[in-house]
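One structure is given below, encoded as structure tokens.
Please read these numbers as outputs of a predicted model, since none were measured by experiment. Values reported hereafter were calculated over all heavy atoms of this structure, with side chains retained and with hydrogens, waters and symmetry mates removed.
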Amino acid sequence: MFGRLRSFFAPLIDDNPITVQILGICSALAVTTSMDTALTMSVALTLVLMAASGIIATLRNHMPRAIRLILQITIIAALVIVTDLILQAYAFEVSKRLSIFVSLIVTNCLVMARTETFAMHNPPWPSILDGLVYGLGYSLILLIVGFLRELLGRGTLFGFTVLPAVEDGGWFEPMGVMLLAPSAFFVLGLLIWAIRGWRTAQVEANEYPLPARAEP
Amino acid sequence: MSELFLRAIFADNLILSYFLGLCTYLAISKRLDTALGLAAAMIVVQTITVPVNHLIHRYLLIEGAWAWLGLPDVDLTFLKLIAFIGVIAAAVQVLEMALDRYMPALYRALGIFLPLITVNCAILGGSLFMAERRYDFGESVVFGLGSGIGWALAIALLAAIRERLRYADVPPGLRGLGITFVVTGLISMGFTAFSSVALP
């Protein structure tokens, strides 16, 4: 029982789509300058992934192998268009700031990878659950990166002041670089380092080991 | 025009400031020669698809595009995403067949990279940026070429650095993916300096 639970929750840390499988990074970094965009993107991706897995798993026995990729892309694209229109209707501000990145869920490798490897071979309910857990693994990384970047870059979380900034009479000096592109790479790189320091099984093998240093 | 071209290559680089195409960028940058093959394919496909998508967006999808048929209220913008993906997949397929027929050497060199490009976010992202920023036809040609070159430049830089990294003594937890992100962050930091360069 415990072992099954463990493998069920593996996508959260041990088999995380972003830090271990390198899937879906494209959209992950661009939307993490603030918590609300990161959260919106996480929810959008998780819902699209669950819906796409469910639909594709239901139709899996009716899809001819030769055109299955085109069918999958069309289904995902239709779901993404619906998500995008809903966001524009009910959360216009956030949707403007997310810019093209909601549309780019279509080419997010994570969605294609899960539908192709899992939903094509399993019944609908397990596929929807699989989509949920992978969506949560993706969301976890997005929210951690978004938390660090917004907190250190502006001193706020979800737009509320947490660390009072110097220009408002507080003590915190906002680090502007956290809002620029390079910091997203650094934060994710260091986060991967931290996770691998804790879960040493994830450390990559050294392909080109250095010769042992000669003693002086 | 030249300003748009240079911005697309350096300051608004698709990978280093918009994070587009990162999956491919990380997966194919272990060796310089394969990275260069992918980079060449990327420039060609981007230069073709952005202007073609511009024409489709301008004359078939945007609100009022069907006015000449007596249908001024038809707005098909919501089909943008599916139309762009279709164009990209078709362009890649046609390019693949044309290369196979007329330039077999180049076709063999590009090999598996061409089909991979269909699902690259940088290609779709380039077309979506073109639609969002409302470039005209000339601008979309320049933007397509510039952003393709920018992407190619970034992957060539990273691949060259990663080849040298083999001889570096990296801490175990940072090995592989972690150090690649840190290196990319440093390259990206260098490229942000270009955004303050003003052309005479």
Side-chain angles (χ1 to χ4, degrees), chain A residues 18-20 22-32 69-70 73-74 76-78 80-82 84-85 99-101 103-110 112 177 180-200 202-210 213, chain B residues 13 15-27 30 78-86 88-89 115 118-129 131-132 165-192 195:
Chain A
I18 294 184
T19 59
V20 180
I22 330 186
L23 293 174
I25 303 176
C26 323
S27 58
L29 294 174
V31 300
T32 48
L69 288 177
I70 295 178
I73 289 188
T74 316
I76 298 168
V80 170
I81 290 174
V82 173
D84 200 17
L85 291 178
S99 166
I100 63 165
F101 289 98
S103 311
L104 284 175
I105 295 179
V106 177
T107 49
N108 193 314
C109 343
L110 172 58
M112 276 296 265
V177 71
L180 297 178
S183 74
F185 291 113
F186 291 134
V187 170
L188 192 55
L190 296 178
L191 183 65
I192 290 172
W193 193 7
I195 292 177
R196 289 183 181 178
W198 172 38
R199 299 280 180 154
T200 39
Q202 288 182 17
V203 173
E204 287 171 42
N206 195 352
E207 286 171 57
Y208 303 92
L210 296 176
R213 239 174 245 155
Chain B
N13 190 294
I15 294 180
L16 300 171
S17 60
Y18 290 105
F19 313 103
L20 293 178
L22 266 183
C23 310
T24 330
Y25 174 75
L26 294 172
K30 280 194 178 143
F78 67 92
L79 284 179
K80 188 170 67 180
L81 206 51
I82 290 190
F84 286 0
I85 292 180
I88 292 166
T118 315
V119 290
N120 190 316
C121 359
I123 298 277
L124 182 63
S127 292
L128 288 171
F129 272 136
E132 194 186 78
L165 270 182
R166 285 175 198 166
Y167 309 111
D169 193 5
V170 181
L174 212 50
R175 211 180 285 147
L177 192 56
I179 193 73
T180 311
F181 270 115
V182 174
V183 167
T184 312
L186 289 172
I187 301 176
S188 165
M189 200 176 248
F191 271 60
T192 49
S195 63

Residue part contacting chain A, namely of Leu186(B), when any heavy atom lies under 4.5 Å: both

Heavy-atom side-chain proximity of Leu104(A) to Leu20(B) below 4.5 angstrom: yes

Proximity of Phe185(A) and Phe19(B) rings by center, below 6.0 Å: yes

Side-chain heavy atoms of Trp193(A) within contact of Leu177(B), under 4.5 Å: no

Distance (rounded to the nearest 0.5 Å) between Phe181(B) CZ and Leu191(A) CG: 10.0 Å

Smallest separation among heavy atoms of Arg196(A) and Gly173(B), with atom names: CD-O, 3.5 Å

Segment of Thr192(B) engaging chain A (4.5 angstrom heavy-atom cut-off): side chain

Residue, of Leu16(B), Leu81(B), Asn120(B), that accumulates the most heavy atom pairs under 4.5 Å with chain A: Leu81(B)

Option in Thr19(A), Ile192(A), Leu29(A) with maximal non-hydrogen atom pairs under 4.5 Å from chain B: Leu29(A)

Minimum side-chain heavy-atom gap Val106(A)-Phe84(B) below 4.5 Å: no

Distance (rounded to the nearest 0.5 Å) between Ile85(B) CD1 and Ile70(A) CD1: 11.0 Å

Closest-packed option against chain A by number of heavy-atom pairs under 4.5 Å, given Tyr18(B), Phe78(B), Phe129(B): Phe129(B)

Engaged part of Val187(A) at the chain B interface, taking heavy atoms whose separation is under 4.5 Å: neither

Residue Leu128(B) versus chain A: region with a heavy atom under 4.5 Å: both

Atom pair CG (Leu23(A)) and CG (Leu26(B)), whose distance is rounded to the nearest 0.5 Å: 11.0 Å

Greatest number of heavy atom pairs closer than 4.5 Å to chain B - which of Ala77(A), Ala181(A), Gly197(A): Ala181(A)

Closest-packed option against chain A by number of heavy-atom pairs under 4.5 Å, given Gly176(B), Cys121(B), Gly21(B): Cys121(B)

Heavy-atom pair count under 4.5 Å with chain A, highest-scoring of Leu124(B), Ile15(B), Thr184(B): Thr184(B)

Under 4.5 Å from a heavy atom of chain B, the part of Ala194(A) involved: neither

Interchain contact, Leu174(B) with chain A, by part (heavy-atom threshold 4.5 Å): both

